[in-house]
Amino acid sequence: MSISIPRGTQDILPGNIELWQQIESKARELCANYQYHEIRTPIFEHTELFARGVGDTTDIVQKEMYTFEDRGGRSITLRPEGTAPVVRAFVEKKMFGVANQPVKLYYMGPMFRYERPQSGRFRQFVQFGVEALGSNDPAIDAEVISLAMNLYKQMGLRRLKLIINSLGDKESRQAHRDALISHFKPRIGEFCRDCQTRLEKNPLRILDCKQDRDHELMKTAPAIIDYLNDESKAYFEKVQKHLTALNIEFEVDANLVRGLDYYNHTAFEIMSDAEGFGAITTLCGGGRYNGLAEELGGPETPGIGFALSIERLIAALNAEGIGTETHEQIDCYIAALGEEARDYSVGLLQQLRLAGISAEKDYLNRKIKAQFKAADRLHARVVAVLGDEELQNNVINVKDMSTGEQIEVSLDSFVPYLQKLQSKGGN
Ligand code: HAM
């Protein structure tokens with residue numbers, strides 16, 4: 001019986017991986033320009049990190065985590081997101097003490113959520129995310145948002161929609177919380193069991209309940225934006241002013257609450273409105289989380305960031321019909337004929353590769369015609385033919401595949417000859 005891939009995961013094969021690599025290098029390039037530095041944290045963490053960081057009333061913690069006990073009896077969880085781990089590392093490694101503040105970090109790697117797989121929703125997916133820790137300047141909120149928007153724009157996406165909201169500071173959130181409880185309490189019996197426990201524990205979570213989303217009380221629920229105090233309002237206005245100055249279009253959506261508990265002040269999502277993108281239109285989500293470092297045992301530190309999945313970015317590229325061409329080429333294909341020449345070509349190939357020349361040879365004992373075909377498929381710039389006779393004369397026959405020109409080169413000058421060609425071709 002053959003074994004198949006687990007549900008909600010995917011193999012990314014050569015032919016598709018090139019686009020991934022292109023996106024990854026574009027993200028790294030942008031991060032270098034914006035001065036965000038890479039951080040790599042473990043794939044698994046103590047379960048408590050997410051229970052405390054993401055929030056134990058969230059869907060992620062209650063329903064979606066891959067949690068297991070390790071052989072030492074500790075509860076371990078495959079990371080469902082990157083913010084809590086990054087802030088854990090920030091606190092643990094005392095990065096609040098480094099000279100360069102704010103600390104601007106980025107990460108790229110697999111995340112795991114036990115969700116119902118569908119188009120754009122995987123159980124293992126790759127997030128690219130950034131976190132800026134240590135600044136309370138609304139300009140950094142705009143910087144973080146602009147980084148995400150520019151990655152999408154530079155990849156060619158046009159059908160983007162940025163929605164923002166403010167969840168306010170502690171005081172505003174408390175006022176909103178009270179209003180939510182009064183709003184839902186009289187009729188909480190009509191809601192699902194989860195919502196009933198959410199009412200006292202975390203009434204904000206009721207607003208993103210998938211089961212009860214059509215209940216009439218949902219539409220009339222108090223919006224956080226109406227409960228912002230002056231300070232929170234001023235902060236939100238400044239963020240909007242910066243976005244406008246950066247020419248980033250946005251819409252304020254008072255219903256945007258996000259599914260993780262650590263947010264306050266700015267919250268945002270970037271959506272795709274391309275036709276055929278499917279039901280899940282969110283490409284990227286993020287926001288400010290000023291209390292998280294403290295929650296995880298560190299000093300009070302403001303923070304803001306976002307995460308996006310490469311899978312959804314690729315889906316959006318497909319929905320907008322944006323093709324990405326790759327021009328894979330190799331410098332040289334060695335076509336060897338006869339046993340002695342074939343044996344010799346093994347060492348020659350290594351010489352080329354170590355000299356910085358991309359090269360390949362035949363390993364299937366094919367005839368010369370088939371070797372030329374193989375070279376064509378690899379888009380070889382030259383094919384170097386080595387027969388036993390050439391070997392005796394210490395030469396190799398180099399054919400330029402674009403012009404058809406052939407030239408005999410001594411084996412001693414073969415490497416420098418190809419290097420010269422390579423520098424001319426700008427490869
Ligand atoms: P999130 O909204 O849970 O936020 O996820 C962010 C992004 O990850 C989503 O917008 C989507 O692109 C992608 N994503 C989430 N779940 C899946 C899935 N099952 N399959 C494919 N893609 C998925 C966070 O994770 C926060 N840590 C973001 C953040 C960073 N906030 C502040 N800093």
Side-chain angles (χ1 to χ4, degrees), residues 6-10 12 23 27 36 39 41 45 49-50 53-55 58-61 63-66 78-88 90 102-133 140-141 143-145 147-149 151-152 157 160-165 167 205 208 256-272 277-293 301-317:
R7 242 163 85 73
T9 66
Q10 57 176 344
I12 308 159
I23 295 168
Y36 284 75
I39 179 168
T41 61
E45 296 270 358
L49 172 67
F50 303 109
V54 174
T58 59
D59 274 358
I60 293 184
V61 171
K63 303 178 186 159
E64 296 170 0
M65 295 205 304
Y66 280 88
L78 300 186
R79 60 181 188 192
E81 62 102 51
T83 310
V86 167
V87 176
R88 195 247 333 117
F90 174 86
V103 174
K104 305 206 301 184
L105 303 166
Y106 82 88
Y107 50 90
M108 223 177 312
M111 305 291 162
F112 306 85
R113 295 186 193 176
Y114 192 79
E115 295 193 84
R116 200 166 54 80
Q118 61 185 98
S119 123
R121 182 176 285 156
F122 296 88
R123 289 183 172 170
Q124 175 176 329
F125 55 98
V126 175
Q127 271 190 349
F128 159 60
V130 313
E131 312 293 348
L133 287 139
I140 206 145
D141 300 42
E143 173 180 286
V144 161
I145 294 173
L147 201 168
M149 288 298 281
L151 174 64
Y152 290 133
L157 291 181
L160 297 167
K161 200 168 114 185
L162 166 66
I163 57 172
I164 61 171
N165 192 17
L167 304 178
R205 288 275 74 84
D208 59 14
L256 176 68
V257 292
R258 308 273 304 126
L260 303 88
D261 273 353
Y262 45 61
Y263 293 114
N264 41 56
H265 289 289
T266 316
F268 65 94
E269 285 187 357
I270 302 171
M271 336 275 284
S272 165
F277 184 56
I280 299 172
T281 54
T282 305
L283 295 175
C284 168
R288 189 162 267 290
Y289 45 84
N290 289 350
L292 185 57
T301 312
I304 175 152
F306 71 75
L308 59 89
S309 70
I310 313 267
E311 287 83 355
R312 288 197 193 163
L313 167 46
I314 290 175
L317 289 171

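Both counts, for ligands and for their atoms, begin at 1 and track the order of listing. Computed from heavy atoms alone, side chains included, the values below leave out hydrogens, waters and symmetry copies.
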Atom 30 (C) of ligand 1 - nearest protein heavy atom and its distance: Thr83 OG1, 2.9 Å

Option whose closest heavy atom lies nearest to atom 8 (O) of ligand 1, chosen from Gln127, Glu64, Gln118: Gln127

Between the CZ atom in Arg7 and the CD atom in Glu115, the distance rounded to the nearest 0.5 Å is 12.0 Å

Within the structure, does Leu283 bring an N/O atom to less than 3.5 angstrom of an N/O atom in ligand 1? yes

Atom 26 (C) of ligand 1 sits nearest the protein heavy atom Tyr262 OH, 3.3 Å

Residue and atom name of the nearest protein heavy atom (relative to atom 14 (N) of ligand 1), distance in Å to one decimal: Phe125 CE1, 3.5 Å

Looking only at heavy atoms, what is the nearest atom pair of Ile280 and Ser119, with distance? CD1-O, 3.7 Å

Which residue and heavy atom of the protein sit nearest atom 31 (N) of ligand 1, plus the separation: Tyr263 OH, 2.6 Å

Checking side-chain polar atoms at under 3.5 Å, does Tyr289 have a donor or acceptor matched by the opposite partner on Glu131? yes

Looking only at heavy atoms, what is the nearest atom pair of Cys284 and Leu308, with distance? CB-CB, 3.8 Å

Note the single closest protein heavy atom to atom 20 (N) of ligand 1, along with its residue, its atom name and the distance in Å. Phe122 N, 3.0 Å

Can a non-hydrogen atom of Glu311 be found less than 4.0 Å from any atom of ligand 1? no

Of all heavy-atom pairs between Tyr36 and Ala132, which one has the smallest distance, and what is that distance? OH-CB, 3.9 Å

Does even one non-hydrogen atom of Gly287 get within less than 4.0 Å of ligand 1? yes

Give the atoms of ligand 1, by number and element, whose distance to some non-hydrogen atom of Thr282 is under 4.0 Å. 10 (O)

Would you please determine whether Pro117 falls within less than 4.0 Å of ligand 1 on a heavy-atom basis? no

Distance-only side-chain donor-acceptor flag, Tyr66 / Gln124, under 3.5 Å: no

So, 4.0 Å and heavy atoms of Gly259: is ligand 1 close enough to count as a contact? no

Think Arg123 forms a cation-pi with Tyr114, using NZ or CZ under 6.0 Å from the six-ring centre and within 45 degrees of its axis? yes

Heavy-atom pairs closer than 4.0 Å: do any link ligand 1 to the side chain of Cys284, the backbone, both, or neither? backbone

Could Asp261 and Arg205 be called an ion pair, given the rule that one side-chain N must be under 4.0 Å from one carboxylate O? yes

Of the choices Arg258, Arg116, Arg79, which has the non-hydrogen atom that lies closest to atom 4 (O) of ligand 1? Arg258

I need the Ile39 CD1 to Leu105 CG distance, nearest 0.5 Å. 5.0 Å

Among all protein non-hydrogen atoms, which one is nearest to atom 33 (N) of ligand 1, and what is the separation to 0.1 Å? Glu131 OE1, 2.9 Å

Among side-chain atoms of Thr41 and Tyr107, is any donor-acceptor pair under 3.5 angstrom? no

Heavy-atom nearest neighbour in the protein, as seen from atom 6 (C) of ligand 1, with distance rounded to 0.1 Å: Ala307 O, 3.3 Å

Is the shortest N/O to N/O distance between Arg113 and ligand 1 below 3.5 Å? yes

In ligand 1, which numbered atoms sit nearer than 4.0 Å to a non-hydrogen atom of Glu81? 25 (O), 26 (C), 27 (N)

Using a strict cut-off of 4.0 Å, indicate which atoms of ligand 1 neighbour a heavy atom of Gly286. 31 (N)

Per-residue contact class, Phe306 against ligand 1 - non-hydrogen pairs under 4.0 Å: backbone

Is the centre of the Phe128 ring less than 6.0 Å from the centre of the Phe306 ring? yes

Working to the nearest 0.5 Å, report the span between CG of Leu151 and CG of Leu313. 6.0 Å

Please list, in number order, the atoms of ligand 1 under 4.0 Å from a heavy atom of Gly285. 10 (O), 28 (C), 29 (C)

Nearest-0.5 Å distance, CZ of residue Arg88 to CZ of residue Phe50: 8.5 Å

For Arg121, the ligand 1 atoms whose distance to one of its heavy atoms is below 4.0 Å: 19 (N), 20 (N)

Of all the non-hydrogen atoms in the protein, which one sits nearest to atom 32 (C) of ligand 1, and at what distance? Gly305 O, 3.2 Å

